[in-house]
Engineer: 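Just passing along the structure, written as structure tokens.
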Amino acid sequence: MSDSLHKVIILTAPSGAGKTSITKYLLQHFPRLAFSVSATTRAPRGNEQDGIDYHYISLEKFEGLIKENEFLEYEMVYEGVYYGTLKSELDRIWSLGKVPVLDIDVKGALHVQAQLGAKSISLFIMPPSIDVLKERLQNRKTETADSIQIRLNKAEYEIGFSNQFNAIIKNEVLETACIETAEILKKFLGPDFTK
Ligand code: 5GP
């Protein structure tokens with residue numbers, strides 16, 4: 001039986017801390033990892049694609065899935081906007097013999113960690129500073145000034161939970177943060193990881 005069977009990797013961070021870049025690095029370098037595509041009620045941004053970045057669904061459909069107990073976890077991450085990890089998504093990835101990578105918010109990460117315990121590893125990606133975070137969000141050019149402010153306020157709140165995760169990765173230099181993350185995951189997943 002595979003050592004990495006039914007394990008889960010949770011990456012969490014304030015928005016703009018570099019979690020998505022680190023996730024992309026991991027997925028490119030380690031074919032045994034697979035991105036867990038969340039469901040969300042927000043509209044696609046930029047080049048995002050349905051079924052790849054998220055499953056974009058209506059509020060009505062999302063609430064129906066909550067009632068049917070289809071989510072491992074879900075959160076209203078922003079006012080009126082739901083995001084959630086579908087149990088079926090994890091089953092799909094496990095059935096391929098792969099390990100899901102969850103890119104989710106801090107509260108969702110705490111819930112998954114509480115439910116899965118040692119089957120999961122949770123990594124908090126720490127931005128170098130709030131100022132750098134602000135700069136990164138501004139450079140994305142996909143956010144309005146209001147949405148940047150909302151994300152910064154939330155970031156300060158989320159950093160307060162960083163000690164509750166298995167490891168904190170400071171993302172000052174992306175490449176270093178990626179390598180550090182990969183090393184931690186190799187220990188968690190064992191030799192299967194590099195196959
Ligand atoms: P964005 O709108 O920038 O794609 O994502 C906003 C936040 O929602 C990010 O912190 C992202 O990690 C989080 N998020 C994405 N999917 C999920 C999910 O399934 N559950 C939870 N709790 N948060 C999620």
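Counting from 1, the numbers follow the sequence of the chain as shown. Indexing begins at 1, ligand by ligand and atom by atom, following the structure's order. All values below were derived from every heavy atom in this structure, side-chain atoms included, with hydrogens, water molecules and symmetry-related copies excluded.
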Engineer: Report yes or no: do T85 and E73 form a side-chain donor-acceptor pair below 3.5 Å?
Structural biologist: yes
Engineer: If you look only at distance, which donor and acceptor atoms sit under 3.5 Å apart when one is on a side chain in residues 163-174 and the other is two or more places apart or in another chain?
Structural biologist:
residue, atom, partner, partner atom, Å
N166, OD1, S122, N, 2.8
N166, OD1, S122, OG, 3.1
N171, ND2, A17, O, 2.8

Engineer: List the residues meeting side-chain contact (heavy atoms from CB on, under 4.5 Å) with E89, not counting sequence neighbours, and say none if there are none.
Structural biologist: S36, V37, H55, L86, R92, I93
Engineer: Kindly say whether the aromatic ring centers of F124 and F161 come within a distance under 6.0 Å.
Structural biologist: no
Engineer: Tell me the ring pair (Phe, Tyr, Trp, His ring centres under 6.0 Å) pairs involving residues 130-156, sequence neighbours left out?
Structural biologist: none
Engineer: Would a 4.5 Å heavy-atom cut-off, applied to side chains only, mark L11 and V101 as touching?
Structural biologist: yes
Engineer: Near ligand 1, which residues have a heavy atom under 4.0 Å away from one of its atoms?
Structural biologist: K19, S38, R42, R45, Y54, E73, E75, V77, Y78, Y83, G84, T85, D103, I104, D105, G108, R151
